[in-house]
Amino acid sequence: ARRESLKLKLSKVPLDSKLGLEDAVNYIMTRTDGFSGADLDVICQEATIEALRKASYAAIAPVSLDLFELALKKVHDSRKLYAAEEAVEA
């Protein structure tokens, strides 16, 4: 279910010409075990926003694996922070 949801989400993302849809899905899936569908959405959004920044907000900003990696790091760090806050509150 997560794979299909991610595939649908990525079908709307302009991927780098060297990056196929299946490659992007496999790359993200291997690095997001335990992540929710919402986390996957945020990763796609973050990578797309970063691509726009790098392209100076051009109309089409292709997303590369490097940008997905950056987005993965942001979401991973955010998940760790949230877990730490929950532990302190408990």
Side-chain angles (χ1 to χ4, degrees):
R2 287 181 48 221
R3 178 177 283 281
E4 292 308 314
S5 174
L6 183 58
K7 196 181 281 189
L8 179 62
K9 182 71 175 172
L10 287 177
S11 69
K12 299 172 186 169
V13 173
L15 299 174
D16 186 76
S17 61
K18 301 172 191 162
L19 180 62
L21 178 61
E22 284 299 321
D23 294 332
V25 169
N26 290 335
Y27 182 83
I28 294 170
M29 290 300 295
T30 60
R31 289 161 175 77
T32 56
D33 188 40
F35 283 42
S36 69
D39 291 331
L40 297 177
D41 283 348
V42 171
I43 289 167
C44 293
Q45 291 168 3
E46 285 290 331
T48 302
I49 289 167
E50 201 56 42
L52 286 169
R53 285 185 186 127
K54 284 187 175 258
S56 299
Y57 295 92
I60 298 175
V63 179
S64 65
L65 285 181
D66 291 342
L67 297 179
F68 281 120
E69 187 61 37
L70 182 63
L72 283 161
K73 183 178 179 347
K74 283 183 179 180
V75 172
H76 179 71
D77 290 349
S78 175
R79 287 169 48 94
K80 284 180 14 183
L81 179 63
Y82 181 74
E85 286 174 354
E86 281 191 334
V88 168
E89 290 176 6

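Here Arg31 pairs with Glu69 under the salt bridge (Lys or Arg N to Asp or Glu O under 4.0 Å) rule; sequence neighbours left out. Contacts of Ser5 classified as side chain to side chain contact (heavy atoms under 4.5 Å, CB included), with partners at least two apart in sequence or in another chain: none. Take Asn26 and apply the side chain to side chain donor-acceptor pair (under 3.5 Å) test, not counting sequence neighbours, and it matches Arg3. Partners of Asp39 by side chain to side chain donor-acceptor pair (under 3.5 Å), not counting sequence neighbours, listed by chain and number: Ser36, Arg79.
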Check: residues 8-25 side-chain donor-acceptor pairs under 3.5 Å, at least two apart:
| residue | atom | partner | partner atom | Å |
| --- | --- | --- | --- | --- |
| Ser11 | OG | Leu8 | O | 2.6 |
| Asp16 | OD2 | Lys18 | N | 3.1 |
| Glu22 | OE2 | Lys7 | NZ | 2.8 |

Can you give the donor-acceptor pairs under 3.5 Å from side chains of residues 40-48 to other protein atoms, not counting sequence neighbours?
| residue | atom | partner | partner atom | Å |
| --- | --- | --- | --- | --- |
| Glu46 | OE1 | Lys74 | NZ | 3.3 |
| Thr48 | OG1 | Cys44 | O | 2.8 |

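Annotation for Arg2 and Phe35: closest pair NE-O, 3.3 Å, computed over non-hydrogen atoms.
For the atom pair CD1 (Ile49) and CG (Leu70), the distance works out to 11.0 Å, reported to the nearest 0.5 Å.
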